[in-house]
Amino acid sequence: MNKHGKVVLTYGTYDLIHIGHIKLLKRAKELGDYLIVAVSTDEFNAIKGKQSYISYEDRKYILESIKYVDLVIPENCWEQKIEDVLKYNVDVVVMGSDWENNPNFEALREYCDVTYLSRTEGISTTKIKTDLGAKKLIKK
Ligand code: C2G
């Protein structure tokens, strides 16, 4: 808890923000009063084997513009999660169901609740990139 009430924390890359991200953030906020998003830095994305199209600074700016989001912090590594939970007095960590039972999140149950929410089907940053790439090929 913090002065705003129940604190929710979630992690992600949030590249090319889409409806799946927004629905996750909306439902995460509904679980508490204050939503913190730890957004992957470009360097951490490289560790995750991902390269985002939108820079960290711009992904942070976009997330800060979303009405469900109260604070955006950097996600620099896998290991920072316990520190984040303690530092921000987090009550619940929320992730999409593709992370269900992942040890990185299950380990947090000693410190806070952990909840997985269903992923929004039919949309992903990878699908957007693939579909746009394919369309470009067809146009030629
Ligand atoms: N998500 C969703 N529905 C989708 C796509 C994504 O609910 N169609 C959720 C994911 O489950 C995740 C969040 O939106 O909880 C952000 O997704 P990504 O940006 O793809 O995040 P990811 O690369 O999974 O990074 O330490 C954990 C990682 O940083 C998570």
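In listed order, ligands and their atoms are each counted from 1.
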What is the nearest protein non-hydrogen atom to [atom], stated with its residue, atom name and distance?
{"atom": "atom 3 (N) of ligand 1", "value": "Thr120 N, 3.1 Å"}
{"atom": "atom 29 (O) of ligand 1", "value": "Glu75 OE1, 2.6 Å"}
{"atom": "atom 23 (O) of ligand 1", "value": "Lys50 NZ, 2.2 Å"}
{"atom": "atom 28 (C) of ligand 1", "value": "Lys48 NZ, 3.4 Å"}
{"atom": "atom 30 (C) of ligand 1", "value": "Trp99 CZ2, 3.5 Å"}
{"atom": "atom 21 (O) of ligand 1", "value": "Thr13 N, 3.3 Å"}

If the cut-off is 4.0 Å to any non-hydrogen atom of [X], which atoms of ligand 1 fall inside it?
{"X": "Ser40", "value": "29 (O)"}
{"X": "Phe105", "value": "26 (O), 27 (C)"}
{"X": "Tyr11", "value": "26 (O), 27 (C), 30 (C)"}

Per atom 10 (C) of ligand 1, closest listed option by heavy atom (Thr125, Asp98, Thr41, Leu16):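 Ranked by closest heavy atom to atom 10 (C) of ligand 1, first place is Asp98.
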Worked check of side chain to side chain contact (heavy atoms under 4.5 Å, CB included) between Thr13 and Lys48: CA-CA 10 Å; Thr13 305; Lys48 287 197 289 187; 2.8 Å; yes
Contact (N/O only, under 3.5 Å) between Ile123 and ligand 1: yes
Lys129 NZ: over 12 foreign heavy atoms closer than 6.0 Å: yes
